[in-house]
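To keep things clear, I will list the structure first and then write my remarks on it.
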Amino acid sequence: LAQARIFTVQLAKSHLYPSDSRILCSSRSTMAKVSAILSTLGAVAATGHSDFLSDLYSGKVSKNQVELVLAQHDEDVAWSEPLSSVRTVYCKGSQCSADAVQLSNVGREGHTFLHHIVNNYDSLANWTVFSQAQAPSEGYVNHRVGGGHLLSGITMNDYLAHHNDTEGKADSLFLMSSKVHMGTLRHALRSTYKVHEDQQTPKLSSASETCPKESGEDVWGAYHEVPQLKKLIAAKCGVEEQALGAAIRSFWEDLVQLPIPPQEVIHYSQGARFAVSRDRLRQRSKAYYQGLLNSISLEQDPCLSYLYEFSWYYITGASSTAPCTTSVEDATVISSPARYLQEGTSGVSGDGGDEGENPVAGTVRSSAMALSALVTAAALALSA
């Protein structure tokens with residue numbers, strides 16, 4: 001009792017809970033948790049959509065209107081308790097929330113999201129927010145420090161309220177934090193995405209800014225090699241690193257089933273947080289999502305789950321246009337097949353010369369067949 005104290009939440013200011021609420025905090029850790037809830041969800045009064053969110057947090061908005069789908073392993077989901085009336089938690093660990101739906105520990109969050117779409121296809125909410133279960137916070141530093149993958153200036157409330165804010169005109173909300181070149185896996189990050197603890201990032205002024213502007217503070221950074229990621233995905237997919245480009249193209253053609261993006265540049269949201277309308281999700285058939293689900297239902301950490309994270313914008317719907325425009329720098333990143341192979345020959349004896357085939361080329365083709373076989377098996381499910 002000596003450490004207990006009353007913490008009064010003034011809802012007239014924050015609009016996060018019904019007014020005059022009082023929370024009994026029996027320890028400093030509980031106080032910290034309350035503070036985290038308030039900060040991660042965002043102050044509604046400052047966002048411009050307080051009326052809708054006041055209804056949401058007071059339980060007046062139904063799951064048919066808005067649903068928050070969380071992919072939980074053992075993360076603490078206390079931050080989302082104020083949203084329990086519209087929240088669906090799928091858990092694959094041993095420390096599940098009381099209201100969680102237990103799933104087999106396969107396929108990471110991609111399996112969770114697809115499971116929800118398939119099993120609720122005929123009763124999807126008007127607006128569904130998909131998210132990993134950790135508390136949303138700025139950026140992502142590393143696996144030790146972590147991070148909740150939000151762009152600076154954005155809160156979870158922006159995802160929840162976007163459909164309402166646009167009077168139902170928005171079919172999705174993807175705030176692109178990264179772009180990756182399909183052939184080389186070179187990455188560029190958005191300047192509003194925090195990746196260093198001491199980084200001062202510019203803040204977005206609204207959730208309508210799917211992509212950076214061509215000038216100003218919110219811009220794309222330069223492309224960089226990400227060797228650890230390339231090595232990881234190659235190992236998961238059972239292919240040589242030099243074959244990843246060919247394998248990802250095969251994945252795109254057979255599973256995403258859309259034209260290759262301009263300049264082979266994929267735009268995506270790191271951390272797999274996005275929101276999609278029911279109408280957009282239904283641009284794809286239930287059988288389509290079932291095929292994608294089947295393809296990641298056998299392993300705990302499958303190769304395709306990483307490729308799905310790159311592709312959610314393109315998978316959840318059948319958009320004929322890219323989410324962001326490409327730039328001159330995007331064009332310069334593209335390598336011809338010969339240059340791509342040359343860049344991948346580090347440690348290989350000989351340069352191929354003019355006689356016969358580059359020694360890496362055969363490795364690329366045979367290695368790409370490994371992932372191609374996996375993709376083909378999944379594609380068969382789509383046509384079944």
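The structure presented is a predicted model; accordingly, all values stated were derived computationally and were not measured.
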Contact list for residues 288-298, test salt bridge (Lys or Arg N to Asp or Glu O under 4.0 Å), sequence neighbours left out: none
Residue pairs passing the salt bridge (Lys or Arg N to Asp or Glu O under 4.0 Å) test where at least one lies in residues 92-105, sequence neighbours excluded: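 For residues 92-105, and leaving out neighbouring residues, the salt bridge (Lys or Arg N to Asp or Glu O under 4.0 Å) pairs sorted by first residue read R87-D99.
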side-chain contact (heavy atoms from CB on, under 4.5 Å) involving [X] - partner list, sequence neighbours excluded:
| X | answer |
| --- | --- |
| D301 | R108, K236, S305, Y306 |
| P259 | none |
| S177 | L151, Y193, Q270 |

Main-chain N/O of Y288 paired with S285 side-chain donor or acceptor, under 3.5 Å: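 Such a contact is found between S285 side chain and Y288 backbone.
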Lys/Arg-Asp/Glu bridge criterion (N-O < 4.0 Å) met for K230, E241: no
Charged N-O contact under 4.0 Å between E217 and K213: no
Residue pairs passing the disulfide (SG to SG under 2.5 Å) test where at least one lies in residues 156-234, sequence neighbours excluded: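 Non-adjacent pairs meeting disulfide (SG to SG under 2.5 Å): C211-C324.
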Sub-6.0 Å ring centroid separation between H181 and Y223: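 H181 vs Y223: aromatic centres not under 6.0 Å.
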Ring centroid separation W312 to F130 under 6.0 Å: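 Between W312 and F130, the centre distance exceeds or equals 6.0 Å.
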Side chain to side chain contact (heavy atoms under 4.5 Å, CB included) partner of Y308, the single match among Y268, F251, F113: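 The single option meeting the side chain to side chain contact (heavy atoms under 4.5 Å, CB included) with Y308 is F251.
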